[in-house]
Structures are given as C-alpha cells and as structure tokens.
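To start, the structure under review is shown below, and the notes come after it.
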Amino acid sequence: MPELPEVETTRRGIVPWVEGRVIQGITVREPRLRWPVPPGIGERVAGERVHRIRRRGKYLIFELDGGAVLLHLGMSGSLRVNPSGVPPGKHDHVDFLMEGGCCLRLTDPRRFGAVLWAPAPVDAHWLLRDLGLEPLDGEFTGDYLYEHARHRRVSIKDLVMNAKVVVGVGNIYANEALFHAGIRPGIAARRITRARCSRLVEAIKSTLEDAIRAGGTTLRDFVGSDGQPGYFSQQLCVYGRRGEPCRICGSVLKAAKIGQRSSVYCSHCQQ
DNA sequence: CCCAAGACCTGGCGGC
DNA sequence: TGCCGCCAGGTCTTGG
C-alpha cells in the first residue's frame with residue numbers, strides 16, 4: 001500500500017545502508033514489473049556510488065553519476081535491507097548488492113512496481129516530468145489547489161489524487177484528509193470554495209506529516225524497511241471503517257465508489 | 001484538454 | 001477443505 005508516508009519511511013530506513021555507498025551489482029530474478037527492468041541496468045550501475053536517495057511523489061530516486069535509478073513500489077512493493085546470503089523468496093524480484101555486504105531487496109507480489117534507469121537530467125524523465133507539486137512543499141497552498149479545482153468537473157477526491165496536480169496522495173490519505181477538512185469526497189472540485197481548499201490543503205499536509213511521524217500505515221503486506229510495522233493505522237478515522245462510528249460524532253460511516261475507488265466518509269461531519 | 005474506464009498482476013478474504 | 005468471485009495500496013493508457 002505504499003503511499004507517500006510509506007515511501008518516505010522506506011527512504012529514511014534505507015538511507016544509512018545505501019547513501020554514499022557503491023553498488024556492487026544488481027540481481028534481477030524477475031524483470032517483468034510494471035515495465036521491464038532494463039536488461040543492461042546491472043552493467044550500467046555496477047561500481048557507481050549512490051550520492052543521494054531522494055523521493056519525488058512515490059518514486060525513490062537513487063542519484064548516481066550521470067543519472068539515477070528510479071524505483072516505484074506500486075501497490076504491493078517493499079524494500080528491505082538484508083545481510084547478504086539470505087535466500088530470496090518467491091516475490092523477491094530485484095537485489096541491489098551494496099558495498100559493505102548488505103543487500104537491498106525489492107519484494108513485490110503484484111509486480112506493479114518499477115526499477116528503471118533515468119539518464120541525467122533525471123527530472124526530465126517521462127515518469128517525472130509532468131508531476132505536480134509535492135504536498136509538503138510550501139508552494140502547495142489553498143490558492144494553488146483552488147486554481148486547479150475551480151473549472152474541474154471531477155470530484156474533489158479525484159482531483160487531490162491526480163498526480164499532475166499534487167503527488168503522493170493515494171486512496172487512504174485522500175479519504176483521511178477529506179474527513180479532517182470536513183469535505184465530502186464526491187463533491188465536484190469546481191464547487192469547493194477557496195477557503196475550503198485552504199482547509200483541505202492543511203489537512204493533506206497534517207495527515208501526511210502525522211503518518212510519516214508514525215512510520216506509515218500498516219495494511220496487509222506493508223512492513224517498514226527495518227522490518228517493523230508502522231503505526232498510523234491506529235489513527236485512521238475513516239479508511240477501512242465503513243459501518244463503524246465516526247470518531248467525532250458517532251454517526252455510522254458511509255461508503256461510496258468515487259472514481260473507481262472506495263471512499264468512506266461521515267455524512268454528518270463532511271458536507 | 002478533460003474525463004471515465006480499462007489495463008496490468010497476485011493474494012487474501014468471505015461465502016457457499 | 002475447496003472453489004469462486006470480489007477486493008486491494010498505483011497510475012499509465014486508451015477512447016470518447
């Protein structure tokens with residue numbers, strides 16, 4: 001379920017093991033991910049130092065000389081640091097063998113993840129170039145959201161999940177942020193006032209920050225990169241709580257399909 | 001350009 | 001216990 005907080009938690013977990021170290025080689029057991037893992041990627045990156053690991057939306061970017069490895073966890077991916085020599089499991093598709101002997105392992109049962117090479121300038125890569133603002137960036141404001149919302153016929157939930165507007169807001173945190181902002185997920189974006197856009201932007205920021213602080217949400221198959229689960233699931237107000245009482249007013253939470261995705265909301269607290 | 005729906009995959013769950 | 005249909009974190013692609 002990696003959304004932005006899970007990806008950021010993963011990034012922070014692997015930085016001490018990867019940043020500043022040389023990649024000795026890559027083992028690709030299963031190249032059939034969202035896009036095929038490029039056949040020559042091992043030769044391209046072997047012997048290169050990872051200068052920095054940064055995040056853009058839900059992409060992890062390993063910056064090397066002359067380009068970067070782009071990594072996406074899809075819907076079911078996770079990255080772990082293993083001591084080398086741990087036998088791979090069925091869904092352990094790619095290993096990065098690091099200087100010092102540890103092994104960064106990508107596990108992804110559904111294979112919606114990606115491992116790609118992006119030549120410099122990395123941000124011009126076709127997967128990155130059209131991405132919208134980072135939600136935690138100061139440029140992401142109520143006015144920015146309002147300008148993107150005011151002529152759009154899609155629901156406000158679809159709009160905040162649109163990566164061309166703002167990155168990193170997936171189904172879980174869209175539901176949560178709309179609850180905290182008191183906005184029904186199915187309302188047309190064009191009907192949201194500037195003031196409510198501001199409230200929603202603040203809710204998106206605080207929800208993501210709280211989730212990062214908690215180490216992400218634990219759902220089914222996500223485990224933090226250090227092998228420990230995150231704790232944000234204990235703070236979820238609506239996601240996965242259809243039929244349960246609202247934590248604020250006690251009303252039974254309702255569910256609806258919006259833009260093909262399940263949405264849960266409180267019909268009393270959200271208007 | 002905008003929007004809705006389809007596509008890619010596997011695994012877990014509830015129901016019978 | 002076994003099988004079947006449904007559902008799930010994402011997001012690119014297609015067609016209207």
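Given the structure is predicted, the values throughout are model-derived calculations rather than measurements. Letters go in sequence order (proteins before strands), and every chain restarts at 1. As a basis for the values below, the full set of heavy atoms in this structure was taken, side chains included, without hydrogen atoms, waters or symmetry mates.
For A:Phe112, counting side-chain heavy atoms from C-beta on, the closest listed nucleotide (B:dC8, B:dC3, B:dG11) is B:dC8.
Taken together, the paired segments of DNA chain C that extend over three or more consecutive Watson-Crick or G-U pairs, each closer than 3.5 Å at both contacts, are B:2-8 with C:10-16, B:10-16 with C:2-8.
Remark: A:Arg111 is in phosphate contact with B:dT10, judged by side-chain N or O atoms under 4.0 Å from OP1 or OP2. Not one side-chain nitrogen or oxygen of A:His91 sits closer than 4.0 Å to the OP1 or OP2 atom of B:dC9. Phosphate proximity of B:dG11 to A:Lys90: present, with a side-chain N or O under 4.0 Å from OP1 or OP2. Considering only side-chain N and O atoms, A:Ser262 lies under 4.0 angstrom from the phosphate OP1 or OP2 of C:dA8.
When the P atom is used for both B:dG12 and C:dT11, the distance is 23 Å, rounded to whole Å. Taking atom P in both B:dG6 and C:dC6, the straight-line distance is 14 Å, to the nearest Å. Between the P atoms of B:dA5 and C:dC7, the separation comes to 15 Å (whole Å).
When atom types are taken as modelled, the side chain of A:Asn175 and the backbone of A:Val264 share a donor-acceptor pair closer than 3.5 angstrom.
Among residues at least two apart or in separate chains, salt bridge (Lys or Arg N to Asp or Glu O under 4.0 Å) pairs with a member in residues 59-73 of chain A are A:Arg52-A:Glu63, A:Arg54-A:Glu63. The salt bridge (Lys or Arg N to Asp or Glu O under 4.0 Å) pairs that include a residue from residues 149-164 of chain A are A:Glu147-A:Arg150, where partners are two or more places apart or lie in different chains. Identified under the ring pair (Phe, Tyr, Trp, His ring centres under 6.0 Å) test for residues 77-103 of chain A, with sequence neighbours left out: A:Phe62-A:Phe96.
Taking atom CZ of A:Arg110 as the reference point, atom P of B:dT10 lies 10 Å away to the nearest angstrom. Atom CZ in A:Arg55 sits about 15 Å away from atom C1' in C:dG10, given to the nearest Å. When the C1' atom of C:dC7 is taken as reference, atom CG of A:Asn171 falls 12 Å away, rounded to whole Å. B:dA4 atom C1' lies 15 Å from atom NZ of A:Lys257, rounded to whole Å. For the pair A:Arg153 CZ and B:dC1 C1', the interatomic distance rounds to 13 Å; values are reported in whole Å. Look at CD on A:Gln260: it is 11 Å from P on C:dA8, rounded to the nearest Å. Going from atom CG of A:Asp158 over to atom P of B:dA4 covers 7 Å, rounded to whole Å. Atom pair A:Asn162:CG and B:dC2:P shows a separation of 9 Å (rounding to whole Å applied).
Scored by the side chain to side chain donor-acceptor pair (under 3.5 Å) test, A:Glu30 finds A:Arg32 as partners (sequence neighbours excluded). Looking at residues two or more places apart in sequence or on another chain, you find a salt bridge (Lys or Arg N to Asp or Glu O under 4.0 Å) between A:Glu99 and A:Arg49.
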Check: residues 128-136 of chain A side-chain donor-acceptor pairs under 3.5 Å, at least two apart:
residue: A:Glu134; atom: OE1; partner: A:Arg55; partner atom: NH1; Å: 3.0
residue: A:Glu134; atom: OE2; partner: A:Arg56; partner atom: NH1; Å: 3.0
residue: A:Glu134; atom: OE2; partner: A:Gly57; partner atom: N; Å: 2.7

If you look only at distance, which donor and acceptor atoms sit under 3.5 Å apart when one is on a side chain in residues 183-190 of chain A and the other is two or more places apart or in another chain?
residue: A:Arg184; atom: NE; partner: A:Gln270; partner atom: O; Å: 2.8
residue: A:Arg184; atom: NH2; partner: A:Ser267; partner atom: O; Å: 2.9

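Ring centers of A:Phe232 and A:Tyr239: at least 6.0 Å apart, outside the cut-off.
Residue A:Lys205 qualifies as enclosed at atom NZ: its count of foreign heavy atoms under 6.0 Å is above 12.
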Across nucleotides 11-16 of chain C, 5' to 3', mark each nucleotide with B, S or - according to how protein heavy atoms within less than 4.0 Å reach it. BBS---
